[in-house]
Number of protein chains: 2
Amino acid sequence: MARMVAERSDAIASLAEVFREHGYEGASLALIGKATGLGKGSLYHFFPNGKEEMVRAVLADIEQWFEDSVYSPLRDGEDADAAIATMLKETTKYFRSGGRVCLVGALAVANTRDLFAQAIRGYFVGWVDALQAALVRQGRDVEQARILSEDAVLAIQGAIVLSRALDDPAVFQRAIDQLHGRLAFDGTALDNSSGKRSF
Amino acid sequence: MARMVAERSDAIASLAEVFREHGYEGASLALIGKATGLGKGSLYHFFPNGKEEMVRAVLADIEQWFEDSVYSPLRDGEDADAAIATMLKETTKYFRSGGRVCLVGALAVANTRDLFAQAIRGYFVGWVDALQAALVRQGRDVEQARILSEDAVLAIQGAIVLSRALDDPAVFQRAIDQLHGRLAFDGTALDNSSGKRSF
DNA sequence: TAAACTGTTTACTGATCGGTACAGTATTTT
DNA sequence: AAAATACTGTACCGATCAGTAAACAGTTTA
């Protein structure tokens, strides 16, 4: 019999995609097997706890990617504005302008939320915290930065939902552009400390 | 045998809840039967096309509720500001401050999107259009009102995702409050026509 | 070379899936 | 009261579900 000498990590990208496309319940072992090219035996060899362990592995992989590509620059980058621009650019690419679902967001809305609550929370807390750090480094008020970063993360999730619902990537792109304007530190950020924004 | 004299419409609220909690694939006929108190025989009597027809009925019901409670006032209400305030209030109540999922949004993100694409699109188009109409009646530019209304609908969907992910209703409430500030016509709305907002 | 380890295939299990068929019971209509 | 209609419970269908078991092959270690 042919030996594929597959590694566990090789399967994770395929797993992520199949869970994104079909959700936790919708992704059957048959679909997973087809997507990864692995039989049940191999799958249970790599992930003895079945689907749940597969999702956990995928979530850890996603978390790591965001940590390296987005959170870390936001927290520690020299130029806060540049880090924010990178975040928006990488995010747009990652979610394919709304054409690709956010697995973490999708899990948060599904009934499987409780099973992965910690990982889901960690993903979003990491994002909001990192963005807040960048905004504070811009010179913004801590409390204001908190609100604004929550607002931004939330907008990205909403943009995915709406752009998919309308089947229009432009909706996603417009939302990202809006965020760019709102998150950029253009010198007026502290002029109006009331928190009330004019349009 | 006991006769329940059930009506089709009686089941729809329970159906909506079970689809919200378990999603389309996750809501098995066993679960649906338990939630509605109806056996398979009754369910297929009322909904000959099975789960798909059940979801369609639920979506139509939701659409109608939003039309009456939210869209119609936004489009035709005398006071645009009041209609917007009503929208935010009713929406908060409806989604239980993020504790309750938006079924339409959840379907939009799931792989079942294509099956219900038209209904999903109708729901969101109706919302954005109605809100845009109210914003225009406030005296805003049509194009600006479009962007702003997309932004608002998207923020509500994102707020549901994030507040569930963080298990914190306050996140939803803060997002609604933010929207209140951004959507209210406070006289400054046209002062800055560049579209760039100060914070 | 022999043993141990790492994958892979295949066949299988019991449970559950969505959906159908139909007899039977209530209600309404005539 | 009789007939038509509306609703319900149950038994059943083939398909698919997640997961297990075990024989077997390729690779690494001793």
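A note on names: the letters A, B, ... follow the listed sequences, proteins ahead of strands, and every chain is numbered from 1. Predicted, not measured: the structure shown is a model, and the values here were computed from it.
- Between B:Gly39 and A:Ile32, the residue anchored nearer the 5' end of DNA chain D, judged by the nucleotide with its closest heavy atom, is B:Gly39.
- Using a 4.0 Å cut-off on heavy atoms, the residues of residues 40-52 of chain A that approach DNA chain D are A:Lys40, A:Tyr44, A:Gly50, A:Lys51, listed by number.
- Ring geometry for A:Phe66 versus A:Tyr94: interplanar angle over 60°, hence perpendicular rather than tilted (30 to 60°).
- We find that CD of A:Glu7 is positioned 19 Å from P of C:dC5, with the value rounded to whole Å.
- Across residues 15-24 of chain A, not one residue has a non-hydrogen atom less than 4.0 Å from an atom of DNA chain D.
- For the salt bridge (Lys or Arg N to Asp or Glu O under 4.0 Å) with A:Arg146, the lone residue among A:Asp141, A:Asp151, A:Asp129 that qualifies is A:Asp129.
- When all heavy atoms of A:Gly122 and A:Glu63 are compared, the pair lying nearest together is C-OE1, 3.9 Å.
- For residues 9-32 of chain B, the ring pair (Phe, Tyr, Trp, His ring centres under 6.0 Å) pairs, not counting sequence neighbours, are B:Tyr24-B:Phe116.
- When all heavy atoms of B:Ala108 and A:Val161 are compared, the closest pair comes out as CB-O, 4.2 Å.
- One can place CG of B:Leu38 at 10 Å from P of D:dC7, the figure rounded to the nearest angstrom.
- Put simply, the side chain of A:Arg121 gets close to the backbone of B:Leu166: a donor and an acceptor are under 3.5 Å apart.
- At whole-Å resolution of the value, CG in B:Leu115 and P in C:dG18 are 14 Å apart.
- We find that CD of B:Glu25 is positioned 20 Å from P of D:dA15, with the value rounded to whole Å.
- Here the CD1 atom belonging to A:Ile12 is positioned 11.5 Å from the CD atom belonging to A:Gln64, to the nearest 0.5 angstrom.
- Between the CG atom of A:Leu29 and the P atom of C:dT9 there is a distance of 15 Å, given to the nearest Å.
- For the pair B:Glu90 and B:Lys93, the salt-bridge criterion is met [side-chain N within less than 4.0 Å of a carboxylate O].
- Under 4.0 angstrom from either OP1 or OP2 of D:dT16 there lies no side-chain N or O belonging to A:Ser28.
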